[in-house]
Number of protein chains: 2
Amino acid sequence: MTELADRPAEAAAVPTRYRLVDCDVHPIMKGGLAELRPYLSRAEQRRLGLDERRNLTTTGHREAVSIPRNTVYVNQAGVLRDDARAEDGSAPGADPAHTARQLLDGNGIDRAVLIGGEVLGLGAMPDPDAAAIIAAAYNQWLADTWLSADERYRGTLVVGAQDPQQAAAEIRRRAGADERFVAVLLPLTDRLLGERHHYPIFEAAAELGLPITLHPNSGEGIFRTSPSMAAGTPTYYVEWHTGLSQVFQATLISLVCQGVFERFPGLKVVLTEGGLGWIPDVLWRLDKNVKGLRDEVPWIRRLPSEYVFDHVRFTTQPLPEPKRRSHLHVLCEIAQAERTLMFSSDYPHWDFDDPRHALTQLPAEIRSRVQSENAVETYGDRL
Amino acid sequence: MTELADRPAEAAAVPTRYRLVDCDVHPIMKGGLAELRPYLSRAEQRRLGLDERRNLTTTGHREAVSIPRNTVYVNQAGVLRDDARAEDGSAPGADPAHTARQLLDGNGIDRAVLIGGEVLGLGAMPDPDAAAIIAAAYNQWLADTWLSADERYRGTLVVGAQDPQQAAAEIRRRAGADERFVAVLLPLTDRLLGERHHYPIFEAAAELGLPITLHPNSGEGIFRTSPSMAAGTPTYYVEWHTGLSQVFQATLISLVCQGVFERFPGLKVVLTEGGLGWIPDVLWRLDKNVKGLRDEVPWIRRLPSEYVFDHVRFTTQPLPEPKRRSHLHVLCEIAQAERTLMFSSDYPHWDFDDPRHALTQLPAEIRSRVQSENAVETYGDRL
């Protein structure tokens, strides 16, 4: 029995403390990566081009580090909600107090799990040391700014998968020292998640009981080291955005087939913003194919879908919107949403899901599980 | 209104001629590509290394052309059904008379649409002229051997998408001269199907009323020019096989977003062996995203799912096998299977679907549509 499999019984005995937990909220940096200066040595600042001699607004040859993100597609709806802008005119989602008022007070959210907006593309950086330096500084910045601004915020610490040993050390150091970090963000790279490369990271996360969180990196298929899309490079943003769930399908297939959950029985994985509609397809194909081809992967001792139900969690946004609501309910049934699904808004992104709208789409009998109980089980006491 | 959209009314008036049509049957070449010699000039034979001076069994440096296919994964179940072998000991599925007895007589199949087993990976060949030469020779070989062996066989002519002008010419030449060709196989390349590169091919196919057929190429992600898998290279055959439906998801997204069905209202596309379980996810995501991002793709004038229902057809094998049959029925409802789904067995491949088993899984009220009526509407009078 896995840790997650053990939890429903516990949770049933202890009433849930929270009514609503939002598992995907993005803090934005008012001053961009220059805000990391206080958390970097002089040498690190110079290495990354973030030292004070640089004029970071220079638009000529690139002098300062940036983290890879979509630079080729234009989202005509705007990527950030314009009404998430604070009174000081800073970028939408960049003010912890404004976000607390608008998102948390406004929606009765008791806990918001923060996932760094600027570091989603960290996995596409070719230099493993630069990625590790930025991750460590970012985590400290998050603790000092957002986590200290409102007690309802919880942090997802970020690590670069490029160097798994450094990543594991950062997980142990940060999560050991600060209970407000409840999960580990592993920015997507072009390496499938089940590969052995990642095992030191899984070991550290499982040891501390922190789930691994995945999220689109906003540059899939664009950069040499970011995950590609199947069959070619999309021409338009709408194609890229519609197809990005494929990265999560491939990731889930990889985790199960490589036997990661047999090797790390305490490991939990949260797939954030990767969509939900594909879950039945992948579970059916996995269960059928592993039965037919089991000699190739003899370490798979259970039906693949059972590993998923026990170890993997999905967040609601972007919630599928079929014409008939009953189709969404069948999807919930197949995906065992009563234990696998957790609410997320994706604030302050353009396709934010309002909990008042999103939650009422779900079957009434699983709503409290999705609102908060599954999140409490997944993130544990740190939440 | 599109051609396909017009057809249901016609079909309802004319009783269907066939009880069961199999839309995915693979002829295998007894002697490999050397069987193409009679259809190649001396210069072409020398160019491809298929001339008689070559010992094609040589295992040293490669001297003769081969078509890219999976060479890195091992299917421990065997790729071909061993019981599809004829009495002469040739490869399974290589004898037209044996296939007619075993598959057609044995299952009451009135028409079998042949999709060349050896040419599925033609799109991964870097040389466009080599691909075009092989395609033309293969089509003539198919006409002279299989199509002439049993009147129940119908052909899918193959073209290389690498050179769309040569491909369009081959479609017009071949389909114009031989009514037994009912569709066009476009072997997958690393270029998404909606891109303008392919428009001459779509124009020719629509002009002749032949649907474009897609099929896994058996080497996705392995060759530089074959479609990649999202997020990385799978380690095991079971991962590759489970994830290959992503190529079809990406293809469908591309076709709709690029406005191909507005530009070619007579175009039909058949997605063979690409799975079915993902259809709801892609339709829901497309409909939702195109609403939100319509300024980017203003040529999309209808709900994306409507284009799919009118222009795209899916084949049954490999049929999803959820624990509850009602889940498959909901999938059929969402995918509008009563007009989009056509039966296929994938004979002689290892994961062949027996029509007696597969068809009984479907809702009784759509069975005759899936068995033959949708195929008759899609392939038209040539069937």
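Both backbone and side-chain heavy atoms feed into the values below; hydrogens, waters and symmetry mates do not. Each chain gets a letter, A, B and so on, in the order the sequences are listed, and its residues count up from 1.
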Check each atom of B:Val74 against the heavy atoms of chain A and say whether the ones under 4.5 Å are side chain, backbone, both or neither. backbone
B:Ile300 portion near chain A, given a 4.5 angstrom heavy-atom threshold: neither
Under 3.5 Å, side chain of A:Lys288 to main-chain N/O of B:Thr242, donor-acceptor pair present? no
What do you reckon, is CZ of A:Arg69 surrounded by more than 12 foreign heavy atoms closer than 6.0 Å? no
Engaged part of B:Arg324 at the chain A interface, taking heavy atoms whose separation is under 4.5 Å: side chain
Say you draw a straight line from CD1 of B:Ile253 to OH of A:Tyr236; how long is it, rounded to the nearest 0.5 Å? 15.0 Å
Distance from B:Ile334 atom CD1 to A:His327 atom NE2, nearest 0.5 Å? 4.5 Å
I'd like to know if the side chain of A:Glu296 reaches the main chain of B:Tyr237, judged simply by a donor and an acceptor atom lying under 3.5 Å from each other, with no hydrogens or angles considered. yes
For the student: nearest non-hydrogen atoms of B:Ala250 and A:Gln246, plus distance: N-NE2, 3.4 Å
Which region of B:Glu220, side chain (C-beta onward) or backbone (N, CA, C, O), has a non-hydrogen atom less than 4.5 Å from a non-hydrogen atom of chain A, or is it both or neither? neither
Between CH2 on residue A:Trp240 and CG on residue B:Asn289, distance to nearest 0.5 Å: 9.5 Å
Nearest 0.5 angstrom please: A:Leu293 CG to B:His241 NE2, how far? 7.0 Å
Contact class of B:Pro322 relative to chain A, heavy atoms under 4.5 angstrom: both
Does any non-hydrogen side-chain atom of B:Trp284 lie less than 4.5 Å from one of A:Leu331? yes
Please look at B:Val297 and chain A and tell me whether the side chain, the backbone, both or neither of the residue comes under 4.5 angstrom of a heavy atom of that chain. side chain
Heavy-atom pairs under 4.5 Å with chain A: which of B:Ser254, B:Pro280, B:Ser305, B:Gly243 has the most? B:Ser254
Using side-chain heavy atoms (C-beta onward) and a distance below 4.5 Å, is B:Arg285 in contact with A:Leu244? yes
Looking at side-chain heavy atoms only, is the closest gap between B:Val238 and A:Val290 below 4.5 Å? yes
Between B:Ser245 and A:Asp281, is there a side-chain heavy-atom distance shorter than 4.5 Å? yes
